[in-house]
**Student:** 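Dumping the structure here so I can ask a few things about it.
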Amino acid sequence: MKAPLTAPPITPPRLAIPWYVHPAAAPQDWAWLAAQEVSFAVLNVHNGPGGDEDPYYPQAVSRLRRIRLLGYVTLAYGRRRTAEVIREIRAWQRLYHVDGIMFDEVPSTTGTVRRCRQYAGAARDAGVSLLAANPGVFPSPAHLELFDVTSVFEGTAEAYAGFRHPAWARRVPPARLWHLVHTCAPGQLPALRLAAARHGAGHLFATDRHLPNPWLGPPTAVSDQLAAGHPADR
């Protein structure tokens, strides 16, 4: 008698975290990040690299060198000039020696593929080898082809409960798909990791923090433990 067929094990997504908390505001959170197994972290000094080198960032960033670091650059949904975007990319490279770039507010409709191709091509020409994008929704397949990693969901845990990948996305390798989930109840986090894996995401960050900025460090329970001087898991 043949052995019963079993489903292949589900690979949990890796932690990929937007890291918008200032080192002076939460040094203990930065120390926590340095100890994590992270696929990548996105730095955001001041809606980008900032005009001048922030006095707190160089030393803090130097402690994260075992982590792939991406610099935050907004595209303002296609309204920014390519030359402005390249200036910010070069500032990230010069000031913080990042490993790559994450484009935020990426336009995602079919008619914007050409504009995104211009941004992506300019970034590659500037030497960006790891290029992530955050449209926050599932874009077209043509958009996905332009980037190494794309955040195809950014929203609340309530909205995530009804989220599904389109059928064509089953052919997309999980390593290219990233989910960002906020406003979670603390007890939801393990279930969200499992849901992301079942959806086919290779990267995830889920947090109980909420708008207007849910990306100010690890989940609040972790930050609270660290602030109290206790070790914390991710």
Side-chain angles (χ1 to χ4, degrees), residues 11 13-20 30 33-34 36-50 53-54 57-78 80-108 112-136 138-154 169 171-180 200-205 215:
T11 302
R14 298 189 66 194
L15 181 64
I17 180 168
W19 194 252
Y20 302 172
W30 278 72
L33 177 61
Q36 301 305 300
E37 293 296 326
V38 177
S39 180
F40 58 85
V42 180
L43 301 178
N44 188 357
V45 176
H46 183 64
N47 203 34
E53 185 177 273
D54 184 292
Y57 264 86
Q59 185 175 13
V61 170
S62 71
R63 294 171 179 162
L64 302 180
R65 282 306 168 200
R66 60 186 291 272
I67 295 173
R68 288 191 299 178
L69 300 176
L70 310 187
Y72 175 100
V73 175
T74 179
L75 300 185
Y77 300 105
R80 296 195 73 192
R81 292 184 300 164
T82 303
E84 293 176 341
V85 169
I86 294 307
R87 279 198 295 271
E88 287 200 359
I89 290 173
R90 295 200 183 282
W92 277 114
Q93 293 168 330
R94 182 181 73 256
L95 295 173
Y96 301 111
H97 309 289
V98 293
D99 303 297
I101 293 294
M102 192 275 280
F103 285 153
D104 195 21
E105 298 183 330
V106 174
S108 58
T112 62
V113 172
R114 180 178 178 182
R115 185 66 173 140
C116 287
R117 186 175 292 116
Q118 292 172 343
Y119 288 129
R124 302 294 190 187
D125 289 343
V128 175
S129 58
L130 177 57
L131 184 59
N134 180 26
F138 239 107
S140 73
H143 285 86
L144 279 181
E145 291 176 0
L146 298 174
F147 308 107
D148 301 301
V149 180
T150 301
S151 170
V152 296
F153 179 89
E154 180 180 0
R171 301 187 298 273
V172 179
R176 300 187 63 190
L177 301 177
W178 181 23
H179 294 176
L180 295 169
H203 311 277
L204 171 71
F205 182 60
W215 318 128

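Each residue takes its place number in the sequence, starting with 1. Atom set for the values below is all heavy atoms of this structure, side chains included, hydrogens, waters and symmetry mates excluded.
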**Student:** Write down the atom of A16, the atom of P18, and the distance for their closest heavy-atom approach.
**Tutor:**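 Heavy atoms of A16 and P18 come nearest at O-CD, 3.9 Å.
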**Student:** Give a yes or no answer on whether the side chain of R63 reaches the backbone of A34 with a donor-acceptor pair at less than 3.5 Å.
**Tutor:**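 No, the answer is negative, given that no donor and acceptor are paired below the 3.5 Å cut-off.
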**Student:** Considering all heavy atoms of both residues, which atom of A201 and which atom of P13 are nearest to each other, and what is their separation?
**Tutor:**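 That closest heavy-atom pairing would be O-CB, 3.5 Å.
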**Student:** Q59 and S62: which non-hydrogen atoms are nearest, and at how many Å?
**Tutor:**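 Closest approach of Q59 to S62, heavy atoms only: O-OG, 2.5 Å.
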**Student:** Taking all non-hydrogen atoms of both residues, which atom of S140 and which atom of V113 are closest, and how far apart?
**Tutor:**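 Shortest heavy-atom contact: OG-CG2, 3.9 Å.
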**Student:** Can F138 and F153 be said to form a side-chain contact (heavy atoms from CB on, under 4.5 Å), step by step?
**Tutor:** CA-CA 7 Å; F138 239 107; F153 179 89; over 6 Å; no
**Student:** Short question: side chain of D99, backbone of L69 - any donor-acceptor pair under 3.5 Å?
**Tutor:**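 Yes, D99 side chain to L69 backbone: donor-acceptor pair under 3.5 Å.
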**Student:** Within the 3.5 Å criterion, strictly below it, is a donor on N134 or E105 matched to an acceptor on the partner's side chain?
**Tutor:**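 Looking only at side-chain atoms, E105 and N134 do not form any donor-acceptor pair under 3.5 Å.
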**Student:** Counting distance only, does the side-chain N/O of D148 pair as donor-acceptor with the main-chain N or O of L131 below 3.5 Å?
**Tutor:**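 Yes; at least one donor-acceptor contact below 3.5 Å.
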**Student:** Please confirm whether the backbone N or O of S129 pairs with a side-chain atom of R124, one donor and one acceptor, at under 3.5 Å?
**Tutor:**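 Pair found, side chain donor or acceptor close to backbone of S129.
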**Student:** What's the separation between atom CG in L144 and atom CZ in R171, rounded to the nearest 0.5 Å?
**Tutor:**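 Going from CG on L144 over to CZ on R171, the span is 11.0 Å.
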**Student:** How long is the span from the CG atom in N44 to the CG atom in D104, to the nearest 0.5 Å?
**Tutor:**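 That separation rounds to 8.0 Å.
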**Student:** Applying ring-ring contact (aromatic ring centres under 6.0 Å, His included), can you list everything that pairs with F40, at least two apart in sequence or on another chain?
**Tutor:**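 W178, H203.
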**Student:** Determine whether more than 12 heavy atoms belonging to other residues, nucleotides or ligands lie under 6.0 Å from atom CZ of R66.
**Tutor:**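 Enclosed.
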**Student:** Run the side-chain contact (heavy atoms from CB on, under 4.5 Å) check on L180 and F205 step by step: do they pass?
**Tutor:** CA-CA 5 Å; L180 295 169; F205 182 60; 4.0 Å; yes
**Student:** Are the aromatic rings of Y72 and Y20 close, with centres under 6.0 Å apart?
**Tutor:**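 That pair passes the under 6.0 Å test.
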**Student:** Looking only at heavy atoms, what is the nearest atom pair of I86 and A123, with distance?
**Tutor:**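 Reported closest heavy-atom pair: CD1-N, 3.9 Å.
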**Student:** Do the two ring centres, one from W30 and one from Y57, sit under 6.0 Å apart?
**Tutor:**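 Yes: the rings meet the under 6.0 Å criterion.
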**Student:** Does the side-chain contact (heavy atoms from CB on, under 4.5 Å) test come out yes or no for S39 and L15, once each step is laid out?
**Tutor:** CA-CA 6 Å; S39 180; L15 181 64; over 6 Å; no
**Student:** Which atoms form the tightest heavy-atom contact between G200 and L177, and what is the distance?
**Tutor:**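 For G200 versus L177, the nearest heavy atoms are O-CD1, 3.8 Å.
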**Student:** If only atom types and distance count, is the side chain of T150 paired as donor or acceptor with the main-chain N or O of V152 below 3.5 Å?
**Tutor:**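 Such a contact is absent between T150 side chain and V152 backbone.
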**Student:** Between Y119 and G78, is there a donor-acceptor pair closer than 3.5 Å when you use the side chain of the first and the backbone of the second?
**Tutor:**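 Yes; at least one donor-acceptor contact below 3.5 Å.
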**Student:** Name all pairs fulfilling the side-chain hydrogen bond (donor to acceptor under 3.5 Å, both in side chains) condition that reach into residues 87-98, sequence neighbours left out, sorted by first residue then second.
**Tutor:**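 Listed once each, the pairs are R80-E88.
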**Student:** Run the side-chain contact (heavy atoms from CB on, under 4.5 Å) check on V73 and I89 step by step: do they pass?
**Tutor:** CA-CA 7 Å; V73 175; I89 290 173; 4.3 Å; yes
**Student:** If we check side-chain contact (heavy atoms from CB on, under 4.5 Å) with I17, which of these qualifies: I67, V38, L204, V42?
**Tutor:**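 Filter result, single survivor: V38.
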**Student:** Checking the side chain of R117 only, and the main-chain atoms of H143 only, is there a donor and an acceptor separated by less than 3.5 Å?
**Tutor:**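 Side chain of R117 to backbone of H143: no pair is present.
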**Student:** Report yes if the side chains of L70 and I101 come closer than 4.5 Å at any heavy-atom pair, otherwise no.
**Tutor:**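 The answer is no; the side chains never approach within 4.5 Å.
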